[in-house]
Chemist: 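For reference, the structure I am asking about is given below.
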Amino acid sequence: MNCDEVRRSVQDYVTRELAPDDRRRFDAHLVECAECQRELALMTAVVSTLDHQPVLEPSADFSSRVLGSLSRQREFAPSPWWSLALAPLLAGAAWLARGPVERALETISSRPGLIHLSVPAVSLQQAGIAAGAIVVLGLLVAAGGAVFCWQTYLRD
Amino acid sequence: MFEYVESAPEEALVSRSARGDEQAFGVLVERYKGMLYSMAYRLMKDRGRAEDAAQESFIKAWAALPGFKGESKFSSWMYRICYNTCISELRKKRPEVELDEAMGVGVEGPAEEFRNRDIQAVIHDEVSRLPDDYRAALTLFHFNGLSYDEIARLAHKPMGTVKAQIHRGRALLKARLLERVGWDNLKEVMWQ
């Protein structure tokens, strides 16, 4: 190995990435070349310093600031339980609002000069079936959400 | 309520954190804050910005933890988040930053003053002056202990580019060390 080859290989020599044969040839050259010994000493100092960089510590309140940010995020984040409660609540609200909406539509459509709107007639039985279906759907969503919440947030 | 100790297995802490356990995440923050802050500091060269980047990295990790599948080591995953946060910050704004004492020391002065200088401090100082890409690659390789392949994937660069940046970075450091301190002074300090 000549000086040029040694200088090209010196980093791999220091980081032990040089193949064994090349390492032996490197060593053989080193014995008789002061310039390359200098190259090796310098690169060893660089690599050793880079390998032993100290771990620095952030300010004392760093962890509490990080965890404080998480809590604030959580306060503003919608909980899955709220979304579960919303399903039956929305269904109930829609059902309760149906009567006033129908009456309002009838009032509007009966005024002269306005576009006539017709509200389809719904029997008591049909309304009951629709209400039941909405409540069952809400309960199914709630049950699915509860399983999801348990698995995601509450298990062990 | 769960009690955690420093030696709690990382996998359990990660799993509980993913399910929203802040106490478990607090242990992870304690465990990784030094590494992340050091990494951010070496990339950004400013204490305040490094703390902000490290804090942001933990908050991003907290938000992304439910999606963490454990395909890579948690540490590598955290380094990736921190690296991306720092690089993104570096691209946003580049204020002139005064190097402070933890990054290295000023070594301008008469040659005889170099005799007692700490060579490591000079090298740290020169690391902070390297181009961002070189400094990032050297930090990830030597400080974080990532392989060439891991750095290449993290930085979205070919492995050959990463290797070249690391080699050129070290060569620059060696040249600058020699230039600033001089071989006679170095020899005396290194072989004393």
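The model shown is predicted, which means the values in this text are computed figures rather than measured ones.
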Chemist: With side chain to side chain contact (heavy atoms under 4.5 Å, CB included) as the test, would you mind laying out the steps for V55(A) and F143(B) before giving the verdict?
Modeler: CA-CA 9 Å; V55(A) 174; F143(B) 180 69; 4.2 Å; yes

Chemist: To the nearest 0.5 Å, tell me how far I59(B) CD1 sits from R65(A) CZ.
Modeler: 9.5 Å

Chemist: Nearest 0.5 Å, what's the CG-CG distance between L56(A) and L36(B)?
Modeler: 12.5 Å

Chemist: Working to the nearest 0.5 Å, report the span between OG1 of T49(A) and CD of Q120(B).
Modeler: 4.5 Å

Chemist: For each of K33(B), H142(B), M39(B), E56(B), tally heavy-atom pairs with chain A at distances under 4.5 Å, and name the one with the top tally.
Modeler: H142(B)

Chemist: Which one, S48(A), P54(A), A45(A), leads in non-hydrogen pairs under 4.5 Å with chain B?
Modeler: P54(A)

Chemist: For Y37(B) versus P58(A), what's the shortest heavy-atom pair and its separation?
Modeler: CD2-N, 3.5 Å

Chemist: Relative to chain B, which segment of T15(A) carries a heavy atom at a distance below 4.5 Å: side chain, backbone, both, or neither?
Modeler: side chain

Chemist: Where along residues 7-14 of chain A does a heavy atom come under 4.5 Å of chain B, listed by residue number?
Modeler: Q11(A), D12(A)

Chemist: Do S38(B) and Q53(A) have a side chain donor and acceptor closer than 3.5 Å?
Modeler: no

Chemist: Which residues from residues 159-172 of chain B are near chain A, with near meaning under 4.5 Å between non-hydrogen atoms?
Modeler: I166(B), H167(B), R170(B), A171(B)

Chemist: Determine the option with the most heavy-atom pairs under 4.5 angstrom with chain A, choosing from L177(B), L173(B), L138(B).
Modeler: L173(B)

Chemist: Quick check for you: to the nearest 0.5 Å, what is the distance between F58(B) atom CZ and S63(A) atom OG?
Modeler: 7.5 Å

Chemist: Could you tell me whether a side-chain N or O of E51(B) sits under 3.5 Å from a main-chain N or O of F62(A), the two making a donor and an acceptor?
Modeler: no

Chemist: Under the criterion side chain to side chain contact (heavy atoms under 4.5 Å, CB included), I'd like the reasoning laid out for L42(A) against W183(B): C-alpha separation, chi angles, the key distance, then a yes or no.
Modeler: CA-CA 9 Å; L42(A) 285 167; W183(B) 176 241; 4.0 Å; yes

Chemist: Could you tell me the separation between the CG atom of L70(A) and the CZ atom of F25(B), rounded to the nearest 0.5 Å?
Modeler: 5.5 Å

